[in-house]
2 protein chains.
Amino acid sequence: MISQTAEYALRAVVCLAQNFEKPLTTVQIANVTKVPEHYLSKVLHALVKGAIIKSQRGLHGGYLLIHAIDQLSLWTIINAVDPLKRIESCPLKLGAHKTNLCALHKKINQSMKLMEDTLKNSTVRTILDESSLIIPLRES
Amino acid sequence: MISQTAEYALRAVVCLAQNFEKPLTTVQIANVTKVPEHYLSKVLHALVKGAIIKSQRGLHGGYLLIHAIDQLSLWTIINAVDPLKRIESCPLKLGAHKTNLCALHKKINQSMKLMEDTLKNSTVRTILDESSLIIPLRES
DNA sequence: AGATAAAAAGATATTTTTATCTTTTAATTG
DNA sequence: CAATTAAAAGATAAAAATATCTTTTTATCT
């Protein structure tokens, strides 16, 4: 439903949000998020290209969030690495359904929109603030 | 978001619902739904195993719906071929998050639940009834 | 019983996603 | 400038999803 890659991206950004002062390296993020290190490196790169985070090479380098955490939605993060594509046109390519999706695809699309809207309305800050005793990525 | 396989299953069931009197063969369904014939055969088989449809071999055989179309939800169909798995436990396997998901996974899960609920509340009848000029799977 | 129709089952292939490993490039520090 | 650190880039591998093709089994009809 949400790809592994998207889940990894969300973890990485939450991790960066929890440590927003200093750059974190791939290895550090991998340790906290439990994402395979080398795969994470690709995901982080996608987030850089998607302008969610920025990277700094060399000593004391690593990754930093670009956005304020209350401006950054889960949807934005997911979309940077693995767009949740809605149904824009008839999957069967029926001409008659071009402008108007049929009830089946409308309904599927609507259900996906609800999910999308929820993710659009959830900022990283929401996630950090809602954590009480259970802190994202933290064991205790 | 919804797998290709699930989309195919939905199309197949809608097709059967539109022709509920007589069994339709794989080839017939494939033609209407524009699903690759041999792949469809696997999907239909999964629907049989999932007790959504029944099959009849031999001459005049094919597939038939088992359920009344107003008892059958899109979710049930999708689940038979490609379960939309919600987040049941912490993907990081953090002990502290065992009973209580963290805010991140709660939120992802909640967004998936909305989608799931929409699909649970949509029956095949809803889909057929809502079609006015635009009929599912039909060109004109 | 024999011919035919159609699903079931199984084998193989292709594509996409996820994961790993290595080499290259860029930044920092002494 | 040399050494070190870390991201970027590229190459390869493994796994999962999707697709195709062939053979087998079961049912129907004459």
Side-chain angles (χ1 to χ4, degrees), chain A residues 1-12 15-16 19 22-66 78 80-85 91-92, chain B residues 1-13 15-16 19 22-66 78-85 91-92:
Chain A
M1 190 113 74
I2 272 194
S3 73
Q4 195 65 0
T5 302
E7 154 84 28
Y8 288 168
L10 290 170
R11 285 190 214 169
C15 179
L16 286 170
N19 302 271
K22 54 186 178 310
L24 296 182
T25 69
T26 307
V27 173
Q28 290 173 315
I29 300 171
N31 287 337
V32 172
T33 59
K34 310 229 165 115
V35 174
E37 183 185 320
H38 292 97
Y39 192 65
L40 178 62
S41 153
K42 313 262 171 190
V43 176
L44 290 169
H45 192 222
L47 289 172
V48 170
K49 283 190 294 189
I52 307 293
I53 63 179
K54 64 186 174 190
S55 65
Q56 172 67 31
R57 287 175 163 191
L59 190 61
H60 306 141
Y63 298 93
L64 279 170
L65 271 188
I66 288 180
I78 292 169
V81 297
D82 185 20
L84 301 175
K85 45 210 163 311
L92 286 84
Chain B
M1 187 113 73
I2 272 192
S3 73
Q4 195 65 1
T5 301
E7 155 83 29
Y8 289 167
L10 290 170
R11 286 189 213 170
V13 170
C15 179
L16 287 170
N19 303 270
K22 56 187 178 310
L24 296 182
T25 68
T26 307
V27 172
Q28 290 173 317
I29 300 172
N31 287 337
V32 173
T33 58
K34 310 231 165 114
V35 175
E37 182 185 320
H38 292 97
Y39 193 65
L40 177 62
S41 152
K42 311 263 168 183
V43 175
L44 289 169
H45 192 222
L47 288 171
V48 171
K49 283 190 296 189
I52 308 292
I53 63 181
K54 64 185 174 193
S55 66
Q56 171 67 30
R57 286 176 164 189
L59 190 59
H60 307 143
Y63 297 94
L64 281 169
L65 270 187
I66 290 181
I78 294 172
N79 244 47
V81 296
D82 184 21
L84 300 173
K85 45 211 164 310
L92 286 81

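In what follows, chains carry the letters A, B, and so on, assigned in the order in which the sequence lines appear, proteins first and then strands, with residues in each chain numbered from 1.
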- Message: Which heavy atom of A/Gly61 sits nearest to which heavy atom of A/Pro23, and what is that distance?
- Response: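 Taking A/Gly61 first and A/Pro23 second, the nearest heavy atoms are O-CB, 3.7 Å.
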- Message: Looking only at the side chain of A/Pro36 (C-beta and beyond, no hydrogens), which of the listed nucleotides D/dT18, C/dA7, C/dA19 gets closest?
- Response: C/dA19
- So which nucleotide from C/dT18, C/dT20, D/dT18 ends up closest to the side chain of A/His38? C/dT20
Figure out the [atom1]/[atom2] separation between [X] and [N], and round it to whole Å.
X       : N      : atom1 : atom2 : result
B/Tyr63 : C/dA5  : OH    : P     : 17 Å
B/His45 : D/dT26 : NE2   : C1'   : 13 Å
B/Leu40 : C/dA8  : CG    : P     : 11 Å
B/Tyr39 : C/dG10 : OH    : C1'   : 16 Å
B/Leu64 : C/dA6  : CG    : C1'   : 13 Å
A/Tyr8  : C/dA19 : OH    : P     : 4 Å
A/Lys49 : D/dA9  : NZ    : C1'   : 10 Å
B/Lys42 : C/dA13 : NZ    : C1'   : 12 Å

- Note on the structure: Between A/Thr5 and A/Leu59, whichever has its closest DNA chain C nucleotide further toward 5' is A/Thr5
- Query: To the nearest 0.5 Å, what is the distance between CE (B/Met1) and NZ (A/Lys85)?
  - Reply: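 Answer for the CE-NZ pair, B/Met1 versus A/Lys85, is 8.0 Å.
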- In this structure, CD of B/Glu7 is separated from CG of B/Asp82 (nearest 0.5 Å) by 12.0 Å
When you measure from the side-chain N and O atoms of [X] to the phosphate of [N], is any distance below 4.0 Å, counting only OP1 and OP2?
X       : N      : value
A/His60 : C/dT29 : yes
B/Thr25 : C/dA6  : no
B/Thr26 : C/dA7  : yes

- Note on the structure: Annotated structure of DNA chain D as dot-bracket, pair cut-off 3.5 Å, Watson-Crick or G-U only, | for inter-strand, is ||||||||||||||||||||||||||||||
In residues 32-57 of chain B, what donor-acceptor pairs under 3.5 Å come from side-chain atoms, sequence neighbours left out?
| from | atom 1 | to | atom 2 | distance (Å) |
| --- | --- | --- | --- | --- |
| B/Thr33 | OG1 | B/Ile29 | O | 2.6 |
| B/Tyr39 | OH | B/Thr5 | OG1 | 2.6 |

Would you say [X] and [Y] make side-chain contact, with heavy atoms under 4.5 Å?
X       : Y       : result
A/Tyr63 : A/Thr25 : no
B/Leu64 : B/Leu16 : no
A/Leu84 : A/Ile78 : yes

- Query: What does B/Ser41 touch in the nucleic acid at a heavy-atom separation under 4.0 angstrom: a base, only the sugar-phosphate, or nothing?
  - Reply: nothing
- Under 4.0 Å from any atom of DNA chain D, heavy atoms only: list the residues of residues 51-58 of chain B that qualify, in numerical order. B/Gln56, B/Arg57, B/Gly58
